[in-house]
Amino acid sequence: MSDVTEADVRTRVGRLLAEHGDDDEVAFLGAQFDAGLARMDYPVGLGGLDASPKLQEIVDEALEGAGRRYPWIRNAMGIGMCGPTIVARGTREQQERFLRPIFTAEEIWCQLFSEPGAGSDVAGLATRAVLDGDEWIVNGSKIWTSMAHQARFGLLLARTDPDVPKHKGLSAFIIDMHQPGVEVRPIRSMAGASGFNEVFFTDATVPDCMRVGDVGDGWRTANATLMNERVSIGSEVAPRGSGPIAGAVAAWKRCRNPNPVYRDRLMKLWIDAEVLRLGSLRAQAKREKGVPGPEGSVLKLLSGRVLTDVSELVVDLMGPDGMLGGPYTREQVDEREVMRGDPVLSFVGSPASTIAGGTTQIQMNIVGERVLGLPREPGFDPDTPWSQIPRN
Ligand SMILES: Cc1cc2nc3c(=O)[nH]c(=O)nc-3n(C[C@H](O)[C@H](O)[C@H](O)COP(=O)(O)OP(=O)(O)OC[C@H]3O[C@@H](n4cnc5c(N)ncnc54)[C@H](O)[C@@H]3O)c2cc1C
């Protein structure tokens with residue numbers, strides 16, 4: 001790791017603002033990447049300074065203060081998961097080709113893991129990739145793929161060897177979503193529209209140079225993505241009392257029936273939200289370079305619970321008005337800032353936070369086994385070749 005100091009970082013940020021303060025958003029983000037201020041822990045020349053990730057906070061705060069809030073929601077999968085995976089497991093050519101347009105959000109990404117028969121048990125997936133010369137032919141389908149309708153590229157997990165145990169026969173690829181063999185169909189959620197999709201592959205192709213990691217080593221690549229996903233879902237740090245809990249306090253003030261039971265629920269949730277905020281700050285302060293550890297699951301668990309409970313309290317406080325809302329357009333659901341401002345949309349969308357990125361039960365298994373060291377859940381098929389495991 002390099003010995004970049006806080007003072008160096010402040011000087012670089014000052015220079016960036018002085019030289020590019022008037023640029024449009026894409027040009028400014030490109031300049032930020034080139035200055036090594038995109039992700040402090042990324043390698044030099046690839047958006048970072050090979051420095052401690054803790055220094056990133058200095059950059060983000062200074063840029064926000066100058067009115068340059070990072071638009072991560074526009075490319076949440078690319079920034080939060082696929083980019084860090086390419087840094088951890090990709091080739092130098094892949095890093096040079098993809099990291100910059102991911103950061104500037106000029107190329108949107110999606111994560112193609114879950115399938116109809118393989119969500120929690122993603123290692124059981126069935127989409128096949130077969131090598132033909134120097135390219136892979138992909139057939140199968142994915143589901144719940146957020147942002148696939150906007151994505152230029154996807155990080156695909158596919159089965160390349162069905163005759164070995166399920167975790168060992170997977171490989172990861174970068175797939176071009178704008179090719180004839182890829183079909184994206186929207187899924188309608190209970191909000192009336194949705195940001196996720198089904199994706200069908202029919203003889204889609206991926207050049208071998210777009211494989212991420214070795215053949216058969218896709219599980220390790222997928223884990224790098226999933227660990228980053230949990231951290232990126234669970235660790236957003238907002239000022240004390242802001243975010244969803246601020247909406248609950250505002251709803252309490254407007255409530256026509258402010259009884260002690262509601263007040264009690266509000267107080268308990270305010271404390272939970274503060275514990276989550278402090279936990280996220282602590283995780284940020286402890287964060288080392290590289291792929292995050294299983295501790296990310298703790299924050300992911302708590303953030304899902306706080307979001308669902310707060311959303312439920314808000315609609316309760318609204319009384320009959322809490323039953324009015326929607327249907328919403330796909331654009332409204334895509335734009336999560338709108339979702340946060342609309343209490344009913346927030347309520348119908350909040351259960352997703354306990355499912356996406358691994359369900360509550362799966363996070364509890366991870367915390368139990370990998371953080372607390374409790375005995376592992378009995379495996380049904382750890383040594384059986386995938387092709388011999390019964391499936392429907
Ligand atoms: C809003 C949203 C966005 C998403 N975006 C993406 C995306 O971009 N890309 C992607 O690949 N996927 C995405 N997903 C899919 C998500 O990762 C899966 O839905 C999730 O992993 C659960 O899988 P499943 O839906 O197949 O449920 P299942 O795995 O069938 O689980 C059903 C129930 O059984 C429980 N369960 C399963 N196994 C165990 C176990 N071993 N122990 C205890 N309980 C268990 C689960 O907790 C759950 O309650 C998204 C999901 C949502 C809701």
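Whatever order the structure lists them in is the order used to number ligands and atoms, beginning at 1. We count residues from 1, following the sequence as given. Given the structure is predicted, the values throughout are model-derived calculations rather than measurements.
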Asks: One pair to check against ring pair (Phe, Tyr, Trp, His ring centres under 6.0 Å): Y70 and F103. What are the steps and the verdict?
Replies: CA-CA 9 Å; Y70 186 65; F103 184 73; 4.8 Å; yes

Asks: Can you find an N/O atom of N365 closer than 3.5 Å to an N/O atom of ligand 1?
Replies: yes

Asks: Is atom 29 (O) of ligand 1 touching the protein, meaning some protein heavy atom lies under 4.0 Å away?
Replies: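 Yes, there is one.
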
Asks: Please determine if D8 and R12 form a salt bridge, counting it only when a charged side-chain N lies under 4.0 Å from a carboxylate O.
Replies: no

Asks: May I ask you to identify the nearest protein heavy atom to atom 16 (C) of ligand 1, giving residue, atom name and distance to one decimal place in Å?
Replies: S114 OG, 3.7 Å

Asks: Heavy-atom contacts with Q111 under 4.0 Å: which atoms of ligand 1 show up? List them by number with element.
Replies: 7 (C), 8 (O), 9 (N), 10 (C), 11 (O)

Asks: Would you tell me which option among W109, F113, F196, W144 has the nearest heavy-atom contact to atom 50 (C) of ligand 1?
Replies: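 Going through W109, F113, F196, W144 one by one, W144 has the nearest heavy atom to atom 50 (C) of ligand 1.
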
Asks: Please list the nearest protein heavy atom to atom 46 (C) of ligand 1 with its residue and the distance rounded to 0.1 Å.
Replies: T359 OG1, 3.5 Å

Asks: Taking 4.0 angstrom as the limit and counting only heavy atoms of I362, give me the atoms of ligand 1 inside it, by number and element.
Replies: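 Result: 38 (N), 39 (C), 40 (C), 41 (N).
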
Asks: Quick one: look up the protein heavy atom nearest atom 20 (C) of ligand 1 and list residue, atom name and how far away it is.
Replies: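 Heavy-atom neighbour on the protein nearest atom 20 (C) of ligand 1: I355 O, 3.7 Å.
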
Asks: Going by the atom numbers of ligand 1, which of them fall below 4.0 Å from some non-hydrogen atom of E377?
Replies: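 Heavy-atom distances to E377 below 4.0 Å select 40 (C), 41 (N), 42 (N).
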
Asks: Please determine whether a side-chain nitrogen of the Lys or Arg among R89 and D217 lies less than 4.0 Å from a carboxylate oxygen of the Asp or Glu.
Replies: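 Answer for the salt bridge query: yes.
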
Asks: Counting each atom of ligand 1 from 1 as listed, which ones have a heavy atom of A352 under 4.0 Å away?
Replies: 1 (C)

Asks: If you draw a 6.0 Å radius around NZ in K168, do more than 12 non-hydrogen atoms from other residues or ligands fall strictly inside?
Replies: no

Asks: Specify the protein heavy atom at minimum distance from atom 8 (O) of ligand 1: its residue, its atom name, and the distance to 0.1 Å.
Replies: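 The closest heavy atom on the protein side is S146 N, 2.9 Å.
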
Asks: Tell me the protein heavy atom at minimum distance from atom 52 (C) of ligand 1, and give that distance in Å.
Replies: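 The closest one turns out to be A356 CB, 3.6 Å.
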
Asks: In terms of side-chain geometry, is the basic nitrogen of R128 or D161 positioned less than 4.0 Å from the acidic oxygen of its partner?
Replies: no

Asks: Between the main-chain N or O of S141 and the side-chain N or O of T127, is there a donor-acceptor pair closer than 3.5 Å?
Replies: yes

Asks: Would a 4.0 Å cut-off, counted as strictly less than, catch a protein heavy atom around atom 14 (N) of ligand 1?
Replies: yes

Asks: Out of G124, A151, S120, indicate the one that has the non-hydrogen atom closest to atom 36 (N) of ligand 1.
Replies: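 It is S120 whose heavy atom sits nearest to atom 36 (N) of ligand 1.
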
Asks: Determine, for R10 against E61, whether the closest basic-nitrogen to carboxylate-oxygen distance falls under 4.0 angstrom.
Replies: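 Salt bridge between R10 and E61, a charged N being under 4.0 Å from a carboxylate O: no.
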
Asks: Between R100 and D34, does at least one N-O distance fall below 4.0 Å, as a salt bridge requires?
Replies: yes

Asks: How close does the nearest protein non-hydrogen atom get to atom 49 (O) of ligand 1, and which residue and atom is it?
Replies: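 Ranked first by proximity to atom 49 (O) of ligand 1 is Q361 OE1, 3.5 Å.
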
Asks: Can a donor-acceptor pair be found, under 3.5 Å and without considering hydrogens, that links the side chain of D41 to the backbone of D50?
Replies: no

Asks: Going by atom types alone, do N75 and W109 pair a side-chain donor with an acceptor below 3.5 Å?
Replies: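 No, no side-chain donor-acceptor contact under 3.5 Å.
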
Asks: Taking atom 21 (O) of ligand 1 as the point of reference, which of G119, G195, A118 owns the nearest heavy atom?
Replies: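 Residue with the shortest heavy-atom distance to the ligand atom: G119.
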
